[in-house]
Novice: 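Take this structure, written in structure tokens, and hold onto it; I'll ask about it next.
Every heavy atom of this structure was used, including side-chain atoms; hydrogens, water molecules and symmetry mates were not.
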Amino acid sequence: MKRFLCLFALFAVAPAVAEAQPRLLLGGGFSAPNGQITDVAEPGYHLQVGLEVRLPTLPLSLRGDGTFHRLGSAREGFAEPELLVGSGSLLFHLPGVGLQPYFLAGVGSYRTKAGPPDELDITTEPGYHGGFGVAVGGLGLGAFAEIRYVQIQAETSTRLIPLTLGLRF
């Protein structure tokens with residue numbers, strides 16, 4: 001009977017422990033500026049690295065991301081705007097078979113570099129984001145795709161809509 005209880009406890013706890021393992025995320029994709037930033041920026045690309053930890057027995061995860069955005073310049077003689085982002089998100093996983101959909105929301109710090117090349121304006125502002133994504137794959141190699149709406153709390157209306165495709169390790 002003790003052996004049975006030990007095996008039962010092992011198989012009952014092992015999935016929760018495995019689920020709580022951190023996952024490395026690497027991705028990139030398309031960044032679309034929105035709002036007043038479109039006066040100086042055109043669509044561009046981004047690269048992202050993240051670390052996600054799923055909370056055992058809950059449909060929630062915590063994620064930290066670092067992202068680099070490079071947008072096209074909409075003005076002659078201006079440098080291509082760049083954003084360096086550090087953000088934290090809470091993910092809410094929806095039930096799914098094969099595809100694992102989720103919602104995410106979070107806050108971040110957004111360092112923006114833009115303007116004429118000889119007098120670049122560098123600012124760091126807080127911001128927030130929300131979005132939707134899907135993931136595939138179990139505990140090994142997997143993939144994800146997500147879209148976010150990013151609002152940066154700057155003097156001008158600064159919004160981005162990044163579409164990210166990536167791998168989960």
Novice: Indicate yes or no: at least one non-hydrogen side-chain atom of R159 is less than 4.5 angstrom from one of I37.
Specialist: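 They are not in contact (no side-chain heavy atoms under 4.5 Å apart), so the answer is no.
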Novice: Using the side chain to side chain contact (heavy atoms under 4.5 Å, CB included) rule, take F169 and L26 through it: C-alpha gap first, then chi angles, then the decisive distance, then the call.
Specialist: CA-CA 8 Å; F169 300 94; L26 299 174; 3.7 Å; yes
Novice: Grouping I, L, V, M, F, W and Y whenever their side-chain heavy atoms are under 4.5 Å apart, do V134 and L141 come out in a common cluster?
Specialist: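 In one cluster: no.
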Novice: Is there a side-chain contact between Q153 and Y110, using heavy atoms and a 4.5 Å cut-off?
Specialist: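 Result no, sub-4.5 Å side-chain heavy-atom pair not found.
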Novice: Please check if L167 and V49 belong to a single hydrophobic cluster, counting links between Ile, Leu, Val, Met, Phe, Trp and Tyr side chain heavy atoms closer than 4.5 Å.
Specialist: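 Same cluster: L167 reaches V49 through Ile, Leu, Val, Met, Phe, Trp or Tyr contacts under 4.5 Å.
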Novice: Would you say L55 and S61 make side-chain contact, with heavy atoms under 4.5 Å?
Specialist: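 Not touching, per the 4.5 Å side-chain cut-off.
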Novice: What's the separation between atom CD1 in I122 and atom CG in L84, rounded to the nearest 0.5 Å?
Specialist: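 The CD1 atom of I122 sits 11.0 Å away from the CG atom of L84.
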Novice: What's the spacing between L90 CG and L104 CG if we round to 0.5 Å?
Specialist: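 It is 9.0 Å, given to the nearest 0.5 Å.
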Novice: Quick one: closest heavy-atom pair of P22 and L51, and the distance?
Specialist: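 Taking P22 first and L51 second, the nearest heavy atoms are CB-CD1, 3.9 Å.
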Novice: So do F144 and L25 actually touch side chain to side chain, heavy atoms under 4.5 Å?
Specialist: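 They are in contact (side-chain heavy atoms under 4.5 Å apart), so the answer is yes.
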Novice: Is any side-chain heavy atom of S89 less than 4.5 Å from a side-chain heavy atom of R148?
Specialist: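 Contact flag for S89/R148 side chains = yes.
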Novice: Mark yes or no for whether R111, through its side chain, and L83, through its backbone, hold a donor-acceptor pair below 3.5 Å.
Specialist: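 No; judged by distance alone, with no hydrogens or angles, the pair does not exist.
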Novice: Answer whether the closest heavy-atom distance between the side chains of T112 and D121 falls below 4.5 Å.
Specialist: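 SC-SC contact between T112 and D121 ruled out.
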Novice: Quick check: do T67 and L47 have side-chain heavy atoms less than 4.5 Å from each other?
Specialist: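 SC-SC contact between T67 and L47 ruled out.
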Novice: Taking all non-hydrogen atoms of both residues, which atom of V150 and which atom of P162 are closest, and how far apart?
Specialist: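 That would be CG2-CD, 4.0 Å.
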Novice: Heavy-atom distance under 4.5 Å between the side chains of P33 and P43, does that happen here?
Specialist: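 They are in contact (side-chain heavy atoms under 4.5 Å apart), so the answer is yes.
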Novice: Is E52 salt-bridged to R54, cutoff N-O under 4.0 Å?
Specialist: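 No, this pair does not count.
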Novice: Output, in order, the C-alpha distance, side-chain angles, deciding distance and verdict of side chain to side chain contact (heavy atoms under 4.5 Å, CB included) for H129 and S87.
Specialist: CA-CA 9 Å; H129 62 269; S87 64; 3.8 Å; yes
Novice: What pair of heavy atoms forms the shortest contact from P117 to A79, and how long is it?
Specialist: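 For P117 versus A79, the nearest heavy atoms are CD-N, 4.0 Å.
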Novice: Do L94 and L62 share a hydrophobic cluster (ILVMFWY, side-chain heavy atoms under 4.5 Å, transitive)?
Specialist: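 Both belong to a single hydrophobic cluster.
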Novice: Please determine whether side chain to side chain contact (heavy atoms under 4.5 Å, CB included) holds for the pair V136 and Q100, giving the CA-CA distance in whole Å, both sets of side-chain angles, and the decisive distance to 0.1 Å.
Specialist: CA-CA 6 Å; V136 296; Q100 304 150 13; over 6 Å; no
Novice: In sequence, state the C-alpha distance, the side-chain angles, and the governing distance for R63 and V53, and then conclude on side chain to side chain contact (heavy atoms under 4.5 Å, CB included).
Specialist: CA-CA 6 Å; R63 185 197 291 177; V53 177; over 6 Å; no
Novice: Can S31 and H46 be counted as having a side-chain donor-acceptor contact under 3.5 angstrom?
Specialist: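 The answer is yes; a qualifying pair exists.
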Novice: Are I161 and L163 connected into the same hydrophobic cluster when the rule is that any two of I, L, V, M, F, W, Y join if their side-chain heavy atoms are below 4.5 Å apart?
Specialist: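 Per the 4.5 Å side-chain linkage, L163 and I161 are co-clustered.
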Novice: Using 0.5 Å steps for rounding, measure from the OG1 atom of T164 to the CG atom of D65.
Specialist: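 Nearest 0.5 Å value for the OG1-CG distance: 8.5 Å.
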Novice: Do I147 and Y45 sit in the same hydrophobic cluster, where Ile, Leu, Val, Met, Phe, Trp and Tyr count as joined when their side-chain heavy atoms come under 4.5 Å apart?
Specialist: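 Shared cluster, no.
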Novice: Do F132 and F103 have their ring centres less than 6.0 Å from each other?
Specialist: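 When the ring centroids of F132 and F103 are compared, they turn out to be within the sub-6.0 Å range.
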Novice: Identify the heavy atoms of D39 and A74 that sit nearest to each other, and give their distance.
Specialist: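 The pair with the smallest heavy-atom distance is O-CB, 3.8 Å.
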Novice: Can a side-chain donor-acceptor contact be found between Y102 and E146 if the only test is distance below 3.5 angstrom?
Specialist: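 Y102 and E146 do have a side-chain donor-acceptor pair below 3.5 Å.
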Novice: Write down the atom of G96, the atom of P101, and the distance for their closest heavy-atom approach.
Specialist: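 For G96 versus P101, the nearest heavy atoms are CA-CD, 4.3 Å.
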Novice: Of all the heavy-atom pairs spanning E125 and I152, show the shortest one and how long it is.
Specialist: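 Nearest heavy atoms, E125 then I152: CB-CG2, 3.8 Å.
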